[in-house]
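See structure below.
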Amino acid sequence: SVDPEFEHHLCTKTPYRVIQNPDVSEVRYKGCTPKKLWYVIRHGTRTPGEDVASLMRSRLFDIRDLIVKNKNCTRYSDFAAWKPHIELDGKKRLTREGESEMTFLAQRLRKRFPKILSKTWNNSTFSFRFTHTSRTEASAHFFSRGLFDDGVADVWYPQPLKKDPILRFYKLCQKWRVEIKKNPQSLIELEAFLRSDLFSTVVTNITERFNLPDGELSVADVHLIYTTCCFETAWDKTELSPWCSVLSRQEFEILEYAEDLEYYWTDGYGYELTTQMGCVMLNDVFNFFRSKSESEASFYFTHSGAILKFLSHLGLYQDSVKLRHDNLNIQRLWKTSLIDAFASNIAFVLFDCSGIDQVLTLHQEKPVILPGCPANQDLCPLSVIERIYEKSRVQCDFEEMCHASEKKSVYDSVVSTMWLAYDSLKLLYFR
Ligand SMILES: O=C(O)[C@@H](COP(=O)(O)O)OP(=O)(O)O
(Lines give C-alpha, C1' and ligand atoms only; values in the text may rest on other atoms or scores of the structure.)
Protein backbone atom coordinates (compact mmCIF):
# COMPACT_ATOMS: atom_id res chain seq x y z
CA SER A 1 0.00 0.00 0.00
CA VAL A 2 1.11 3.56 -0.60
CA ASP A 3 1.72 5.97 2.22
CA PRO A 4 -0.86 8.75 1.62
CA GLU A 5 1.75 11.26 2.76
CA PHE A 6 4.05 10.50 -0.16
CA GLU A 7 2.89 13.56 -2.13
CA HIS A 8 4.70 15.73 0.38
CA HIS A 9 8.08 14.26 -0.53
CA LEU A 10 8.36 14.89 -4.25
CA CYS A 11 10.91 17.71 -4.09
CA THR A 12 10.99 20.09 -7.05
CA LYS A 13 8.46 17.90 -8.89
CA THR A 14 5.79 18.41 -6.25
CA PRO A 15 2.54 19.57 -7.86
CA TYR A 16 1.39 22.88 -6.45
CA ARG A 17 -2.02 21.52 -5.37
CA VAL A 18 -0.26 19.77 -2.48
CA ILE A 19 0.89 23.02 -0.90
CA GLN A 20 -1.46 25.72 -2.22
CA ASN A 21 -3.30 28.06 0.13
CA PRO A 22 -7.03 27.65 -0.43
CA ASP A 23 -7.94 30.69 1.69
CA VAL A 24 -9.00 33.39 -0.75
CA SER A 25 -10.31 35.97 1.68
CA GLU A 26 -9.29 39.52 0.91
CA VAL A 27 -5.99 40.43 2.55
CA ARG A 28 -6.60 43.51 4.67
CA TYR A 29 -4.69 45.30 7.37
CA LYS A 30 -6.35 48.04 9.37
CA GLY A 31 -5.54 51.50 8.04
CA CYS A 32 -3.57 50.08 5.11
CA THR A 33 -4.21 50.12 1.37
CA PRO A 34 -2.34 47.84 -1.04
CA LYS A 35 -0.46 49.83 -3.67
CA LYS A 36 1.89 47.55 -5.54
CA LEU A 37 2.52 43.85 -6.04
CA TRP A 38 5.76 42.25 -7.18
CA TYR A 39 5.50 38.55 -7.92
CA VAL A 40 7.96 35.89 -9.03
CA ILE A 41 6.61 32.50 -10.00
CA ARG A 42 8.17 29.23 -11.06
CA HIS A 43 6.41 27.78 -14.09
CA GLY A 44 3.76 25.13 -13.42
CA THR A 45 4.11 21.36 -13.66
CA ARG A 46 6.16 20.39 -16.69
CA THR A 47 7.24 17.27 -18.51
CA PRO A 48 10.78 16.01 -17.95
CA GLY A 49 13.70 16.74 -20.24
CA GLU A 50 14.85 14.22 -22.84
CA ASP A 51 17.41 12.66 -20.46
CA VAL A 52 14.74 11.46 -18.05
CA ALA A 53 12.17 10.83 -20.77
CA SER A 54 14.47 8.46 -22.63
CA LEU A 55 15.25 6.52 -19.45
CA MET A 56 11.54 6.22 -18.75
CA ARG A 57 11.07 4.82 -22.24
CA SER A 58 13.95 2.34 -21.99
CA ARG A 59 15.45 1.38 -18.61
CA LEU A 60 12.20 1.79 -16.73
CA PHE A 61 10.53 -0.63 -19.12
CA ASP A 62 13.21 -3.21 -18.31
CA ILE A 63 12.64 -2.72 -14.59
CA ARG A 64 8.90 -2.98 -15.13
CA ASP A 65 9.39 -6.30 -16.97
CA LEU A 66 11.49 -7.66 -14.16
CA ILE A 67 8.86 -6.62 -11.63
CA VAL A 68 5.97 -8.25 -13.48
CA LYS A 69 7.88 -11.51 -13.83
CA ASN A 70 7.04 -11.93 -10.19
CA LYS A 71 3.30 -12.32 -10.54
CA ASN A 72 2.64 -12.00 -6.82
CA CYS A 73 3.93 -8.49 -6.56
CA THR A 74 1.69 -5.82 -5.13
CA ARG A 75 -0.11 -3.91 -7.87
CA TYR A 76 0.98 -6.50 -10.46
CA SER A 77 -1.73 -5.45 -12.90
CA ASP A 78 -0.83 -1.76 -12.61
CA PHE A 79 2.78 -2.49 -13.46
CA ALA A 80 1.78 -4.83 -16.28
CA ALA A 81 -0.42 -2.09 -17.75
CA TRP A 82 2.11 0.69 -17.22
CA LYS A 83 3.48 2.51 -20.22
CA PRO A 84 5.30 5.80 -20.57
CA HIS A 85 2.89 8.61 -20.17
CA ILE A 86 1.41 10.57 -23.02
CA GLU A 87 2.97 13.70 -21.52
CA LEU A 88 6.42 12.28 -22.15
CA ASP A 89 7.82 14.39 -24.95
CA GLY A 90 11.20 15.26 -23.43
CA LYS A 91 10.65 18.96 -24.01
CA LYS A 92 10.07 20.30 -20.50
CA ARG A 93 6.69 21.52 -21.66
CA LEU A 94 3.98 22.92 -19.42
CA THR A 95 1.37 20.21 -18.79
CA ARG A 96 -2.40 20.44 -18.31
CA GLU A 97 -1.83 20.37 -14.57
CA GLY A 98 0.65 23.22 -14.96
CA GLU A 99 -1.88 25.27 -16.91
CA SER A 100 -4.47 24.88 -14.16
CA GLU A 101 -1.92 25.63 -11.46
CA MET A 102 -1.24 28.98 -13.11
CA THR A 103 -4.86 29.94 -13.78
CA PHE A 104 -6.05 29.00 -10.29
CA LEU A 105 -3.09 30.72 -8.65
CA ALA A 106 -3.99 33.95 -10.45
CA GLN A 107 -7.66 33.62 -9.58
CA ARG A 108 -6.88 33.20 -5.90
CA LEU A 109 -4.46 36.11 -5.99
CA ARG A 110 -7.03 38.37 -7.56
CA LYS A 111 -9.56 37.53 -4.84
CA ARG A 112 -7.03 38.35 -2.15
CA PHE A 113 -5.98 41.66 -3.66
CA PRO A 114 -9.02 43.00 -5.53
CA LYS A 115 -7.93 46.62 -5.12
CA ILE A 116 -4.85 46.06 -7.22
CA LEU A 117 -5.97 43.23 -9.42
CA SER A 118 -9.65 43.73 -10.24
CA LYS A 119 -8.89 45.82 -13.24
CA THR A 120 -8.96 45.06 -16.90
CA TRP A 121 -5.64 44.58 -18.61
CA ASN A 122 -3.72 47.75 -19.10
CA ASN A 123 -0.18 47.94 -20.31
CA SER A 124 0.99 50.60 -17.93
CA THR A 125 -0.53 49.04 -14.81
CA PHE A 126 0.53 45.42 -15.28
CA SER A 127 3.75 43.95 -16.55
CA PHE A 128 4.66 40.38 -17.39
CA ARG A 129 8.04 38.87 -18.16
CA PHE A 130 9.08 35.28 -18.78
CA THR A 131 12.33 33.49 -19.62
CA HIS A 132 13.28 32.19 -23.02
CA THR A 133 11.45 28.85 -22.56
CA SER A 134 8.04 27.58 -23.64
CA ARG A 135 7.07 26.53 -20.09
CA THR A 136 7.44 30.01 -18.60
CA GLU A 137 5.79 31.63 -21.62
CA ALA A 138 2.80 29.29 -21.40
CA SER A 139 2.69 29.84 -17.64
CA ALA A 140 2.41 33.60 -18.16
CA HIS A 141 -0.44 33.09 -20.61
CA PHE A 142 -2.41 30.77 -18.36
CA PHE A 143 -1.78 32.99 -15.37
CA SER A 144 -3.17 36.03 -17.19
CA ARG A 145 -6.27 34.01 -18.06
CA GLY A 146 -6.95 33.68 -14.37
CA LEU A 147 -6.25 37.35 -13.74
CA PHE A 148 -8.31 39.07 -16.38
CA ASP A 149 -11.87 38.17 -17.21
CA ASP A 150 -11.62 39.88 -20.52
CA GLY A 151 -8.86 41.44 -22.56
CA VAL A 152 -6.54 38.45 -22.12
CA ALA A 153 -5.89 38.52 -25.84
CA ASP A 154 -4.52 42.06 -25.54
CA VAL A 155 -1.96 41.30 -22.84
CA TRP A 156 1.43 42.39 -24.05
CA TYR A 157 4.51 40.34 -23.25
CA PRO A 158 8.03 41.57 -23.92
CA GLN A 159 10.34 39.42 -26.03
CA PRO A 160 12.13 37.04 -23.65
CA LEU A 161 15.86 37.48 -23.30
CA LYS A 162 18.15 34.52 -23.94
CA LYS A 163 19.94 35.38 -20.70
CA ASP A 164 17.71 37.45 -18.48
CA PRO A 165 19.72 39.37 -15.85
CA ILE A 166 16.83 39.37 -13.36
CA LEU A 167 14.79 36.23 -14.03
CA ARG A 168 17.74 33.88 -14.46
CA PHE A 169 20.54 36.05 -13.10
CA TYR A 170 22.71 33.06 -12.19
CA LYS A 171 23.10 32.00 -15.80
CA LEU A 172 25.09 35.20 -16.29
CA CYS A 173 27.31 34.55 -13.32
CA GLN A 174 30.40 32.88 -14.73
CA LYS A 175 31.97 32.41 -11.30
CA TRP A 176 28.91 30.56 -10.01
CA ARG A 177 28.70 28.41 -13.12
CA VAL A 178 32.34 27.38 -12.94
CA GLU A 179 33.00 27.27 -9.23
CA ILE A 180 29.66 25.95 -8.01
CA LYS A 181 27.24 24.66 -10.62
CA LYS A 182 29.85 22.69 -12.57
CA ASN A 183 32.26 22.06 -9.76
CA PRO A 184 32.33 18.46 -8.47
CA GLN A 185 33.06 19.84 -5.03
CA SER A 186 29.43 20.99 -4.82
CA LEU A 187 28.27 17.40 -5.12
CA ILE A 188 30.49 15.86 -2.50
CA GLU A 189 27.80 15.64 0.18
CA LEU A 190 25.32 14.13 -2.27
CA GLU A 191 27.90 11.64 -3.51
CA ALA A 192 28.66 10.57 0.06
CA PHE A 193 24.96 10.25 0.84
CA LEU A 194 24.39 8.07 -2.23
CA ARG A 195 27.20 5.81 -0.99
CA SER A 196 25.89 5.73 2.58
CA ASP A 197 24.45 2.64 4.25
CA LEU A 198 21.13 4.43 4.47
CA PHE A 199 20.87 4.84 0.72
CA SER A 200 22.28 1.37 -0.02
CA THR A 201 19.56 -0.09 2.17
CA VAL A 202 16.91 1.53 -0.02
CA VAL A 203 18.41 -0.14 -3.09
CA THR A 204 18.58 -3.51 -1.33
CA ASN A 205 15.08 -3.23 0.12
CA ILE A 206 13.50 -2.55 -3.25
CA THR A 207 15.49 -5.34 -4.88
CA GLU A 208 14.24 -7.79 -2.24
CA ARG A 209 10.69 -6.47 -2.16
CA PHE A 210 10.28 -7.19 -5.85
CA ASN A 211 12.32 -10.34 -5.92
CA LEU A 212 14.75 -8.87 -8.39
CA PRO A 213 18.12 -10.50 -9.06
CA ASP A 214 20.84 -9.40 -6.65
CA GLY A 215 22.65 -6.30 -7.86
CA GLU A 216 20.06 -5.64 -10.58
CA LEU A 217 19.12 -2.18 -9.35
CA SER A 218 21.57 0.69 -9.26
CA VAL A 219 21.35 3.95 -7.36
CA ALA A 220 20.41 5.62 -10.64
CA ASP A 221 17.57 3.07 -11.15
CA VAL A 222 16.12 3.85 -7.76
CA HIS A 223 16.30 7.51 -8.54
CA LEU A 224 14.57 6.89 -11.87
CA ILE A 225 11.73 5.09 -10.08
CA TYR A 226 11.38 8.01 -7.67
CA THR A 227 11.53 10.63 -10.44
CA THR A 228 8.86 8.80 -12.43
CA CYS A 229 6.65 8.64 -9.36
CA CYS A 230 7.11 12.39 -8.87
CA PHE A 231 6.35 13.39 -12.44
CA GLU A 232 3.41 11.01 -12.83
CA THR A 233 1.90 12.24 -9.58
CA ALA A 234 2.37 15.85 -10.61
CA TRP A 235 0.75 15.60 -13.99
CA ASP A 236 -2.10 13.25 -13.12
CA LYS A 237 -4.04 13.84 -9.92
CA THR A 238 -6.59 11.12 -10.60
CA GLU A 239 -4.39 8.07 -10.88
CA LEU A 240 -1.78 6.75 -8.54
CA SER A 241 1.48 5.98 -10.31
CA PRO A 242 2.50 2.36 -9.61
CA TRP A 243 6.08 3.63 -9.19
CA CYS A 244 5.04 5.44 -6.04
CA SER A 245 3.94 2.16 -4.52
CA VAL A 246 7.52 0.91 -4.77
CA LEU A 247 8.70 3.17 -1.97
CA SER A 248 7.93 3.28 1.74
CA ARG A 249 7.55 6.57 3.65
CA GLN A 250 11.09 6.31 4.97
CA GLU A 251 12.44 5.61 1.50
CA PHE A 252 10.66 8.68 0.15
CA GLU A 253 12.31 10.70 2.89
CA ILE A 254 15.74 9.35 1.97
CA LEU A 255 15.30 10.07 -1.75
CA GLU A 256 13.91 13.47 -0.90
CA TYR A 257 16.97 14.23 1.18
CA ALA A 258 19.32 13.27 -1.65
CA GLU A 259 17.67 15.87 -3.88
CA ASP A 260 17.53 18.48 -1.16
CA LEU A 261 21.25 18.01 -0.60
CA GLU A 262 21.95 18.61 -4.27
CA TYR A 263 19.83 21.78 -4.42
CA TYR A 264 21.22 23.02 -1.12
CA TRP A 265 24.76 22.91 -2.44
CA THR A 266 24.12 24.21 -5.95
CA ASP A 267 21.18 26.59 -5.57
CA GLY A 268 20.98 27.30 -1.87
CA TYR A 269 22.94 28.01 1.28
CA GLY A 270 25.89 25.73 0.47
CA TYR A 271 28.07 28.56 -0.85
CA GLU A 272 27.97 32.24 -0.12
CA LEU A 273 28.10 33.37 -3.74
CA THR A 274 24.88 31.47 -4.53
CA THR A 275 23.00 33.33 -1.82
CA GLN A 276 24.69 36.66 -2.57
CA MET A 277 23.68 36.78 -6.24
CA GLY A 278 19.98 37.06 -5.40
CA CYS A 279 20.58 40.72 -4.57
CA VAL A 280 19.75 41.57 -8.19
CA MET A 281 16.25 40.24 -7.76
CA LEU A 282 15.74 41.97 -4.44
CA ASN A 283 16.94 45.27 -5.91
CA ASP A 284 14.34 44.85 -8.61
CA VAL A 285 11.71 44.74 -5.85
CA PHE A 286 13.09 47.89 -4.23
CA ASN A 287 13.26 49.70 -7.57
CA PHE A 288 9.70 48.72 -8.37
CA PHE A 289 8.41 49.91 -5.00
CA ARG A 290 10.36 53.17 -5.13
CA SER A 291 9.51 53.91 -8.75
CA LYS A 292 7.01 56.64 -9.46
CA SER A 293 5.68 54.81 -12.54
CA GLU A 294 2.03 53.84 -12.80
CA SER A 295 2.92 50.16 -12.77
CA GLU A 296 1.05 48.41 -9.95
CA ALA A 297 1.76 44.74 -10.54
CA SER A 298 4.79 42.99 -11.96
CA PHE A 299 4.74 39.27 -12.73
CA TYR A 300 7.88 37.25 -13.45
CA PHE A 301 7.85 33.65 -14.67
CA THR A 302 11.03 31.74 -14.05
CA HIS A 303 12.64 28.53 -12.82
CA SER A 304 13.47 26.48 -9.80
CA GLY A 305 17.02 27.86 -9.53
CA ALA A 306 15.78 31.44 -9.29
CA ILE A 307 13.27 30.65 -6.56
CA LEU A 308 15.81 28.80 -4.42
CA LYS A 309 18.53 31.40 -4.78
CA PHE A 310 16.13 34.21 -4.05
CA LEU A 311 14.78 32.47 -0.92
CA SER A 312 18.37 31.94 0.20
CA HIS A 313 19.24 35.56 -0.42
CA LEU A 314 16.29 36.57 1.72
CA GLY A 315 17.55 34.29 4.49
CA LEU A 316 14.44 32.10 4.55
CA TYR A 317 14.44 28.37 5.36
CA GLN A 318 18.02 28.44 6.58
CA ASP A 319 18.90 25.59 8.87
CA SER A 320 21.26 26.23 11.74
CA VAL A 321 23.70 23.60 10.47
CA LYS A 322 24.69 22.96 6.88
CA LEU A 323 23.05 19.95 5.28
CA ARG A 324 25.50 17.06 5.00
CA HIS A 325 25.42 13.39 4.04
CA ASP A 326 25.49 12.38 7.70
CA ASN A 327 23.01 14.74 9.33
CA LEU A 328 19.64 13.96 7.75
CA ASN A 329 17.07 15.81 9.80
CA ILE A 330 13.45 15.34 8.80
CA GLN A 331 12.56 18.55 10.65
CA ARG A 332 14.90 20.63 8.48
CA LEU A 333 13.71 23.91 7.00
CA TRP A 334 15.32 23.35 3.59
CA LYS A 335 12.76 21.06 1.97
CA THR A 336 12.33 21.62 -1.73
CA SER A 337 9.01 19.72 -1.58
CA LEU A 338 7.66 22.69 0.36
CA ILE A 339 9.72 25.60 -0.86
CA ASP A 340 10.33 24.84 -4.54
CA ALA A 341 7.38 22.82 -5.85
CA PHE A 342 6.12 23.49 -9.36
CA ALA A 343 4.46 26.94 -9.48
CA SER A 344 6.32 28.04 -6.34
CA ASN A 345 5.93 31.75 -5.85
CA ILE A 346 7.21 34.67 -3.81
CA ALA A 347 5.32 37.94 -3.57
CA PHE A 348 6.02 41.33 -2.06
CA VAL A 349 3.01 43.55 -1.55
CA LEU A 350 3.49 47.21 -0.75
CA PHE A 351 0.86 48.79 1.51
CA ASP A 352 0.35 52.41 2.35
CA CYS A 353 -0.43 52.45 6.08
CA SER A 354 -1.30 56.04 6.99
CA GLY A 355 1.59 57.36 4.94
CA ILE A 356 4.06 54.65 6.01
CA ASP A 357 5.19 52.07 3.45
CA GLN A 358 4.79 48.56 4.81
CA VAL A 359 5.51 45.29 3.05
CA LEU A 360 3.79 41.93 3.18
CA THR A 361 5.97 39.04 2.04
CA LEU A 362 4.27 35.89 0.81
CA HIS A 363 5.76 32.56 -0.08
CA GLN A 364 3.45 29.90 -1.54
CA GLU A 365 0.60 32.38 -0.91
CA LYS A 366 1.22 32.54 2.84
CA PRO A 367 2.83 35.34 4.86
CA VAL A 368 6.44 34.77 5.84
CA ILE A 369 8.49 36.88 8.21
CA LEU A 370 11.79 38.03 6.81
CA PRO A 371 14.61 37.53 9.33
CA GLY A 372 14.97 40.84 11.18
CA CYS A 373 11.37 42.00 10.66
CA PRO A 374 8.99 42.13 13.67
CA ALA A 375 8.14 38.52 14.49
CA ASN A 376 4.59 39.13 15.66
CA GLN A 377 3.13 40.78 12.58
CA ASP A 378 2.79 40.12 8.85
CA LEU A 379 3.73 43.61 7.75
CA CYS A 380 7.25 44.97 7.92
CA PRO A 381 8.11 48.61 7.21
CA LEU A 382 9.84 49.05 3.85
CA SER A 383 12.50 51.15 5.59
CA VAL A 384 13.26 48.23 7.95
CA ILE A 385 13.55 45.81 5.03
CA GLU A 386 15.85 48.21 3.25
CA ARG A 387 17.99 48.36 6.38
CA ILE A 388 18.05 44.56 6.81
CA TYR A 389 19.18 44.13 3.23
CA GLU A 390 21.37 47.23 3.16
CA LYS A 391 24.30 45.16 1.87
CA SER A 392 22.14 43.81 -0.97
CA ARG A 393 21.33 47.35 -1.98
CA VAL A 394 24.68 49.00 -1.75
CA GLN A 395 27.03 46.10 -2.47
CA CYS A 396 25.35 44.30 -5.32
CA ASP A 397 28.11 44.49 -7.88
CA PHE A 398 27.19 41.51 -10.01
CA GLU A 399 30.18 41.86 -12.36
CA GLU A 400 32.54 41.95 -9.43
CA MET A 401 31.04 39.00 -7.53
CA CYS A 402 30.66 36.87 -10.67
CA HIS A 403 34.05 37.37 -12.20
CA ALA A 404 35.69 33.94 -12.50
CA SER A 405 39.44 33.61 -12.35
CA GLU A 406 40.66 32.02 -15.58
CA LYS A 407 43.16 29.64 -14.03
CA LYS A 408 40.47 28.10 -11.90
CA SER A 409 38.03 27.79 -14.82
CA VAL A 410 40.42 25.65 -16.84
CA TYR A 411 41.20 23.45 -13.87
CA ASP A 412 37.55 23.01 -13.03
CA SER A 413 36.43 22.18 -16.51
CA VAL A 414 39.00 19.36 -16.68
CA VAL A 415 37.90 17.99 -13.32
CA SER A 416 34.22 18.33 -14.22
CA THR A 417 34.68 16.30 -17.37
CA MET A 418 36.32 13.50 -15.41
CA TRP A 419 33.66 13.68 -12.78
CA LEU A 420 30.81 13.23 -15.24
CA ALA A 421 32.10 9.76 -15.94
CA TYR A 422 30.74 8.52 -12.61
CA ASP A 423 27.68 6.42 -13.27
CA SER A 424 25.96 7.15 -10.00
CA LEU A 425 26.01 10.82 -10.76
CA LYS A 426 23.91 10.43 -13.87
CA LEU A 427 20.99 11.07 -11.61
CA LEU A 428 22.14 14.62 -11.09
CA TYR A 429 21.06 15.44 -14.55
CA PHE A 430 17.58 14.09 -14.07
CA ARG A 431 15.55 17.20 -14.67
O1 LIG B 1 15.12 24.48 -16.45
C2 LIG B 1 15.33 23.52 -15.74
O3 LIG B 1 15.68 22.43 -16.18
C4 LIG B 1 15.32 23.62 -14.24
C5 LIG B 1 16.58 24.25 -13.79
O6 LIG B 1 16.61 25.53 -14.33
P7 LIG B 1 17.52 26.61 -13.72
O8 LIG B 1 17.30 26.56 -12.27
O9 LIG B 1 18.91 26.17 -14.12
O10 LIG B 1 17.12 27.91 -14.34
O11 LIG B 1 14.33 24.44 -13.70
P12 LIG B 1 12.80 24.29 -13.92
O13 LIG B 1 12.53 24.69 -15.35
O14 LIG B 1 12.38 22.90 -13.65
O15 LIG B 1 12.17 25.24 -12.95
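Each residue takes its place number in the sequence, starting with 1. First listed ligand is number 1; within each ligand, the first listed atom is number 1.
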Practice problem: Taking only Lys NZ, Arg NE, NH1 and NH2, and the carboxylate oxygens of Asp or Glu, determine whether R387 and E390 approach each other closer than 4.0 Å. | Solution: no
Quiz prompt | NE2 (H132) with more than 12 external heavy atoms under 6.0 Å | solution = yes
Practice problem: Just jot down the ligand 1 atoms closer than 4.0 angstrom to any heavy atom of S304, in number order. | Solution: 11 (O), 12 (P), 15 (O)
Quiz item: How would you list, by chain and number, every residue that makes a ring pair (Phe, Tyr, Trp, His ring centres under 6.0 Å) with H313, sequence neighbours excluded?
Solution: none
Practice problem: Run the salt-bridge test on K322 and E272 with the 4.0 Å N-O cut-off and return the result as yes or no. | Solution: no
Quiz item: Counting both backbone and side chain atoms, is some N or O of K309 under 3.5 Å from an N or O of ligand 1?
Solution: no
Quiz item: For atom 9 (O) of ligand 1, which candidate among H43, R46, K181, K171 provides the closest heavy atom?
Solution: K171
Self-check item: With sequence neighbours excluded, residues passing disulfide (SG to SG under 2.5 Å) with C229
Solution: C244
Practice problem: Report yes if some N/O of G305 lies less than 3.5 Å from some N/O of ligand 1; otherwise report no. | Solution: yes
Quiz item: Going by the atom numbers of ligand 1, which of them fall below 4.0 Å from some non-hydrogen atom of K92?
Solution: 1 (O), 2 (C), 3 (O)
Practice problem: Compute the ring centroids of F299 and W38, then answer whether they are less than 6.0 Å apart. | Solution: no
Quiz item: With only distance considered, is R42 within less than 3.5 Å of ligand 1 through an N or O on each side?
Solution: yes
Quiz item: Does F342 have a heavy atom less than 4.0 Å from any atom of ligand 1?
Solution: no
